[in-house]
Protein chains: 2
Amino acid sequence: MAAEKDEIKLIGGWASPFVMRPRVALNMKGVVYEMTQETVGKKSDLLLKSNPIYKKIPVLIHNGKPICESMIIVEYIDETWSDGASILPPDPYDRSIARFWTAYVDDKIPALIRKLRLLVKGSAEAEVEAEKLNAALQLLEEAFEKCSKGKSFFGGDDIGYLDIAFGSQLGWIKAVEKIVEIKFLDKEKIPGLVAWSERFCAHEAVKEVMPEADRLVEFTKMLLSGSFAK
Amino acid sequence: MAAEKDEIKLIGGWASPFVMRPRVALNMKGVVYEMTQETVGKKSDLLLKSNPIYKKIPVLIHNGKPICESMIIVEYIDETWSDGASILPPDPYDRSIARFWTAYVDDKIPALIRKLRLLVKGSAEAEVEAEKLNAALQLLEEAFEKCSKGKSFFGGDDIGYLDIAFGSQLGWIKAVEKIVEIKFLDKEKIPGLVAWSERFCAHEAVKEVMPEADRLVEFTKMLLSGSFAK
């Protein structure tokens, strides 16, 4: 499947939590890749050609073949470079649980972040959406206890599928904390997740690709001010 | 993984396209299971306990362990009864393509069906939504040509992951054809898909679990008239 002289390109963007997912997976597998940065508001010809259905990043191009959708790419990476650290757990039931909570993360977290980052601190709307994010994090705290079984990560001793799916949202959760001035990663409420988030962000495969919250806040301001091309 | 005296229950409902998915997969693997029928508008204690997050069917309960979300269940079945016919293709790239188009089906088809079944034939709104469904089917026609490579199914010689995902929507597509009186499975426009749909519906693993369009139309009328418990 994976050959010595593989050509591996990732069409991405530094601020995208979805692009971060395959980057962490490629780092875990020790795969060297070239990343191209899409410009916000524009779509490169390569992107339009590689993902004609959704025209969205990330797209992984492996020896000329495009693979789209962040977690599908992560599974592709896991299956193609299968001799490296395993991303999905080996047991079918554990795999189904990791997939279930990954679907939950995708169902709830990105939409709440997209709403919250546009809201004004202290507004009633921000309070309502913050409550929804807190409720989702509370459920993920319980999921962490069950999945990690006392170990460091959802995936056990090392990061796995659900760690990658959820962990890639942490930069934006921290950015939104600054924008609406509400603490979401709160040690009092979700101690397991807070400790996990620190371990995740410090992981060798993660730390160089995790965007800083301040840069994401700045990115949001530019987005709101219309500084990017349409 | 799968033992001789496995206890396999499926919490389902005859009209749900999502429940049909694990049923086809279990049939393909020759797995005997017990199905309980949820009553529309009620939730059984077993469902509430087994899927506390979404409270939705289907749920597969394998030796007391619940697995939720239709395509996650299908993958679980494929991985657990791995000595039967393979549902996902063996090659990582082919797997990513099957997963991509399955996500596309889930993104487009059920929402369009839910809208269309409530609309009045000949209305402008029905025309607009019908156009969207036709556009999605046109893309799936192209996907069929690429995935099947001249064979009978998306999965090749036998039905696979994407066949199950998309094929389980066919009963409802036919029901909606009757409700809004628009032909969607049109040989002139999507000849490959129409021929595929006939093969899929006649498949041994499918024919006993595919609901008849007329029953689904009747079900929709009862839903609209408020005949089901709330």
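In what follows, every heavy atom counts, from backbone to side chain, and hydrogens, waters and symmetry copies are set aside. Lettering follows sequence order; numbering is per chain, from 1.
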Exercise. Determine, using ring centers only, whether A:Phe166 and A:Trp101 are less than 6.0 Å apart.
Key: no

When the 4.5 angstrom heavy-atom criterion is applied to A:Tyr104 and chain B, the contacting part is both

**Prompt:** Can you tell me if A:Lys29 uses its side chain to pair, donor with acceptor, with the backbone of A:Ala85 under 3.5 Å?
**Reply:** yes

Okay, A:Ile53 and chain B: the region with an atom under 4.5 Å from a heavy atom over there is side chain

Test salt bridge (charged side-chain N to carboxylate O under 4.0 Å, His left out), reference B:Arg21, set B:Asp78, B:Asp163, B:Asp106, output is B:Asp106

Closest heavy-atom pair, B:Pro52 versus B:Lys55, reported as atoms and distance to 0.1 Å, is O-NZ, 3.0 Å

Under 4.5 Å to a heavy atom of chain B? For A:Arg95 that would be side chain

Checked A:Tyr93, A:Tyr54, A:Phe100 vs chain B; the most non-hydrogen pairs under 4.5 Å come from A:Tyr93

